Amino acid sequence: MKLLCCRRLAVARLTLSTPLDVRVLAKGMSVGEASAAFSAAYPEAGGIVSFLGKVRPGNDVRALELTHYEPLTKSGMDDLARSALERFALDGILAWHRIGVMVPGDAIVLVAAAAPHRRNAFDAADFVMDHLKSAAWFWKRERRAEGWHWIEPREADYQDRQRWERR
Amino acid sequence: MKLLCCRRLAVARLTLSTPLDVRVLAKGMSVGEASAAFSAAYPEAGGIVSFLGKVRPGNDVRALELTHYEPLTKSGMDDLARSALERFALDGILAWHRIGVMVPGDAIVLVAAAAPHRRNAFDAADFVMDHLKSAAWFWKRERRAEGWHWIEPREADYQDRQRWERR
Amino acid sequence: MSVTIVFLGPLADLANGHELEVAGPLDWAGLLRAVGPDIAREIQADRVNVACGGSVLADKKSLQARDGDEIALLPPVSGG
Amino acid sequence: MSVTIVFLGPLADLANGHELEVAGPLDWAGLLRAVGPDIAREIQADRVNVACGGSVLADKKSLQARDGDEIALLPPVSGG
């Protein structure tokens, strides 16, 4: 009984829009609540795949800053989520992305995809992440001991995204 | 402050073994607590991919029963998790699987993989799920209006697993 | 002491039970006789595995179960 | 009224600021003059996109910004 009550509470505190929930967040990210609410929102889904990206503590990184271009960011992420929804016949999708300054361990991005079968949920989360990495309107820099450094996608990130064009 | 307190509580209620946490669960599955504890256990991971499989309500399904062969199940899942850990250079992996009778909406399986980069986390969760579907010691049957029906993996499930042999 | 034969998944339906105790020792031919013709036909198919003493046999026809061993008849699995 | 030029990501470092206001209208040649030689060199590369009025231009050289428009200079992105 207790668990059921708490799960409902967590869901009640957070209302997701369905089938798309896209957010650009200026601070914090309620990963646990979002995941619980997402799972509850799609009771008919057989499989839910989630990706959580966090700031890595290595390479002497003190902080990470994500900036964006507001007139393009949200609408670009909406288009991306909508195309994933259609391409992979999803029940629903969530794509949340932080902007601002974060420290190691902080959540940067959360993507969740719900589908009747697991293959589509995996592919959709993968597809959305590949595009958020190198085809969404964000710019990332790291603060190390000696100052700020802009981060460009790795060559692997571009190749990952190109996989989806060949299909 | 309140959120931080709750997240710590959730983690404290559940102690995961690292880098492998494999469980065959006879009842319930604390998906939210497991996910929070897993993320907290790998602060150095840049990417965490989770898969949650649930009983689907369609096809007139009233209940789903998973049976297993205890002398083989847990050790087989341990081997599978260990091979994923090595093959994909993970920080850690979690694989939980229910047995017993479940109803639509109940969690059947939870897999989570933590890695420095997202590609390995995606591949590892995918790899473990493909093997749990058609190469772990579970048998699944559904109760519909007219009785119980044994479920065999779909042809797609066998093909999904074979992808990993070709590499 | 005896040998226990465990029927998993749909084989339990066919066997009308989960376990059968038979006198040991038991080899492959003895197993086929012990389980009856319907189960015997099923377990001769490649898709059915046999475990003895907690290990899956690479070649089930090499079965040599001794008193106290548990033999498990493992039809195609389906998890997740 | 005027045209606002917005510098994103590393271009803001190079421009020593996030925005620049210039008199409109402004075409591609006018933009290159307005931002100075260092930025001009950067934004001529294929990897830099240009948006005007909230839309990314398919052909940035076709830029025709009017008074009140915002031009965004978009270097290679990096999210997630």
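Order of the sequence lines fixes the chain letters, A, B, ..., with proteins taken first and strands second; residue numbering starts at 1 for each chain. Keep in mind that what you see is a predicted model, and the values were worked out from it rather than measured.
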Answer key: most heavy-atom pairs under 4.5 Å with chain B among A:Gly46, A:Gly47, A:Pro57 is A:Gly46
Looking only at B:Pro104, B:Pro116, B:Gly53, the option with the highest number of non-hydrogen pairs under 4.5 Å against chain A is B:Pro116
Going by heavy atoms in the side chains, are B:Arg118 and A:Val111 under 4.5 Å from each other?
-> no
Is chain B contacted by the side chain of A:Pro43, its backbone, both, or neither, given a heavy-atom distance below 4.5 Å?
-> backbone
d(B:Ser50 OG, A:Ile48 CD1) to nearest 0.5 Å is 10.5 Å
Give a yes or no on whether a salt bridge exists between B:Asp126 and A:Arg119, defined as a side-chain N under 4.0 angstrom from a carboxylate O.
-> yes
Applying a strict 4.5 Å limit to non-hydrogen atoms, the region of B:Ala112 in contact with chain A is neither
Side-chain contact, heavy-atom cut-off 4.5 Å: B:Ser39 with A:Val31?
-> no
Assess the pair A:Phe122 and B:Phe51: is the distance between their ring centroids shorter than 6.0 Å?
-> yes
Spell out the residues in residues 133-152 of chain A that have some non-hydrogen atom less than 4.5 Å away from a non-hydrogen atom of chain B, in order of number; otherwise answer 'none'.
-> A:Lys133
Pick one of side chain, backbone, both or neither for A:Ala107, based on which atoms fall under 4.5 Å of a heavy atom in chain B.
-> neither
Smallest heavy-atom separation, B:Lys54 atom then A:Ala45 atom, equals CE-O, 3.6 Å
Residues in residues 58-83 of chain A near chain B [non-hydrogen atoms, under 4.5 Å] | none
